[in-house]
Amino acid sequence: MTTGSTAIELAGVSKWYGRLPSGHSALDSIDLSVEAGSVFGMIGPNGAGKTTTMRLLLDIIRPSAGSIRVLGSEPKSGGPELRRRIGYLPGELRLEGRVTGRSLLQHYARISGPVAPGAIDGLAERLGVELDRPVRTLSKGNKQKLGLVQAFMHRPPLLVLDEPTSGLDPLVQREFLAMVREARDAGQTVFLSSHILSEIQQVADSVAILRAGRIVTVSSVEGLRQSAVRRVRAGFADATPGAVEVALAGIPNLSDLVVKVSGRAAGGVTDITATVGGDIDAFVKAIAAFTIVDLAIEEPDLEESVLKMYGAEARAER
Amino acid sequence: MNAPVLPLFRQAIAQSWRSTLGWTLGVAAALLLYLPLFPSIGGAGSQMGQLIANLPPQLVSALGYNDITSGAGYTESTFFGLLGFALIVIAATSWSTAAIAGDEESGALELTLAHAVSRQQLVLERTLSVAVRLAWLALVSAVFVLALNSSAQLGVTAGHVVAVSAAYLGLGLVSATLGLAVGALTGRRIYATAAAAGVAVLGYMLNAIGSQSSELDALRDFSPYGWAFHHTPLASGADWGGLALLYGFSAAFVVTAVVALRTRDIAG
């Protein structure tokens, strides 16, 4: 896989159910390009079209309009040989039956292999899933781990993972993110989705935000972070509310400022809460002049802030 | 590394051995219950013969008991045409509707098709797995009939046992392949079940009505049950026309299933 080439390319892809485009539309003219060897995240609320997009790549469903290329082939004509080169984790993984995890994985290895000897056990050990229990007795998280093993085990050039972190506890999530980084370092392309950006922002190179079947933005995670909104809270000793207000007045990206005094009369603490959009630096420099007794800067909820931003824009257009 | 041979077929067989064993026991039990009773109740002068003679002739025709006094007639009307028929149809319905529609409704089909498997391969391998299991039941029936032939004084020939077993299997295949086709078309197990069981029930009813009089006899030509048993293969040998219809329709339903599943979206 040479860097610079494209692993996934969607051009004008729409998917609607029913006869007419006016029927239920799941995807509305999506354009998307995922560079080979990168980790690409797709974020959006439930029902935004993430699962639909992924199922299109695997030829489980077919587009109503537009063209799709995955690893150089169109999903339908690429057929089994294309899917052999993709590891897929469905969004709603349901594993049933008396078979053990091991024999289920061996079955998937037979229809997508070859799988290197020891690969299944190695991955199972990393994620901490027992392979010798019947799959129907496994918890949701353990089923999800089996799903991850079957997606990763044959080291496919492309991984398509729909909500991979769902049901995983934080330690296993971290292990999963390490597996994604290793896959990227080995030249594999990873296309994953989540409805919570913070779960994948540490690992994704680029992120597409989906809302109601449309891509609202494609950006690097760093770019999103810079435009995101943080909620801040701070407490100052030996500062009057007036002095604090004056000090913060000159910061353009600060809003929703509330200043109040807590504690008793003199010697009390001046508390502020506010929202900072984008760069946090000016705010931090400004408050450094006071004696800080309390400080909290909330991790930005990138997804919410981006969706709000674009939601507001969409409303303004109408 | 060589690609494994028929992986989906092997998986289907491996996952269904318990159910296959259960149906095998059912078929064996039915034959072991009915056939040894023939010497005591068969024969024109026997009690059973007299009982049948006293029943309304319409009922006797509907049940196919006209020829119950011969070993072949007895075996055909008690097992192949009645209890064995019910067993193979129920097995065919449950296996065939699980193979595609049930798998799709459980969500497992999506993941299987996301691997290096074509939809045509999936339909064909799973159809084969259902057909092999039904053939096993037909084989078990044939073996038990032949094994009990002399002790139960049935007096049937091996060739005719093969003929009736082929018809019996064909009847099961019609239900199974229709269940697969409707499952592939709709993805809904309930529709597939209605079709697979419905064609058997409808065929049985048409045949029963058709057997009431010679004017209605033509109805039996439209019934899979009639194609299988109208010309009493255990007594008189293979009915090639009937077998051609049974297996021809089964093949057509398989083609339908392949085309249907290749063309549509898989439900998630």
Chain B interface, residue from A/Lys76, A/Glu81, A/Gln150, A/Glu92 that has the most non-hydrogen pairs under 4.5 Å
A/Gln150
Can you tell me which of A/Ile60, A/Leu82, A/Leu58 forms the most heavy-atom pairs within a distance under 4.5 Å of chain B?
A/Ile60
Close side-chain approach of [X] and [Y], heavy atoms under 4.5 Å:
| X | Y | value |
| --- | --- | --- |
| B/Ile266 | A/Ile61 | no |
| B/Pro7 | A/Ile111 | yes |
| B/Glu110 | A/Tyr88 | yes |

Exam field: side chain A/Arg94 to backbone B/Ala108, donor-acceptor pair closer than 3.5 Å
no
Where on A/Glu96 is there a heavy atom nearer than 4.5 Å to chain B: the side chain, the backbone, both, or neither?
side chain
What part of A/Leu93 lies closer than 4.5 angstrom to a heavy atom of chain B: side chain, backbone, both or neither?
side chain
With only heavy atoms counted, which part of B/Arg264 is less than 4.5 Å from chain A, the side chain, the backbone, both or neither?
backbone
Inter-residue atom distance B/Ser118.OG - A/Arg83.CZ, 0.5 Å rounding:
7.5 Å
Atom CG of B/Leu6 and atom CZ of A/Arg110: how far apart are they, to the nearest 0.5 Å?
11.5 Å
Are there over 12 heavy-atom neighbours, none belonging to [X], within less than 6.0 Å of that residue's [atom1]?
| X | atom1 | answer |
| --- | --- | --- |
| A/Glu182 | CD | yes |
| A/Arg133 | CZ | yes |
| A/Arg102 | CZ | yes |
| B/Phe9 | CZ | yes |
| A/Arg214 | CZ | no |
| B/Ile190 | CD1 | no |
| A/Arg62 | CZ | yes |

Output all residues satisfying side-chain contact (heavy atoms from CB on, under 4.5 Å) with B/Ala260, sequence neighbours left out; order by chain, then residue number.
B/Ala184, B/Leu185
For A/Ser112 and B/Ala116, work out which heavy atoms get closest and say how close.
OG-N, 3.3 Å
Shortest non-hydrogen separation from B/Arg119 to A/Asp59 and the atoms involved
NH2-O, 2.6 Å
How would you list, in number order, the residues of residues 11-18 of chain B that have a heavy atom less than 4.5 Å from chain A?
B/Gln11, B/Gln15, B/Arg18
Can you list the residues of residues 22-33 of chain B that sit under 4.5 Å from chain A, counting heavy atoms only?
none
State whether A/Lys15 and B/Asp265 are salt-bridged, where the test is any N-O pair (Lys NZ or Arg NE/NH1/NH2 against Asp/Glu carboxylate O) under 4.0 Å.
yes
Below 30° counts as parallel, above 60° as perpendicular, anything between as tilted: where do the rings of B/His115 and A/His154 land?
tilted
What pairs with B/Tyr191 under ring pair (Phe, Tyr, Trp, His ring centres under 6.0 Å), at least two apart in sequence or on another chain?
none
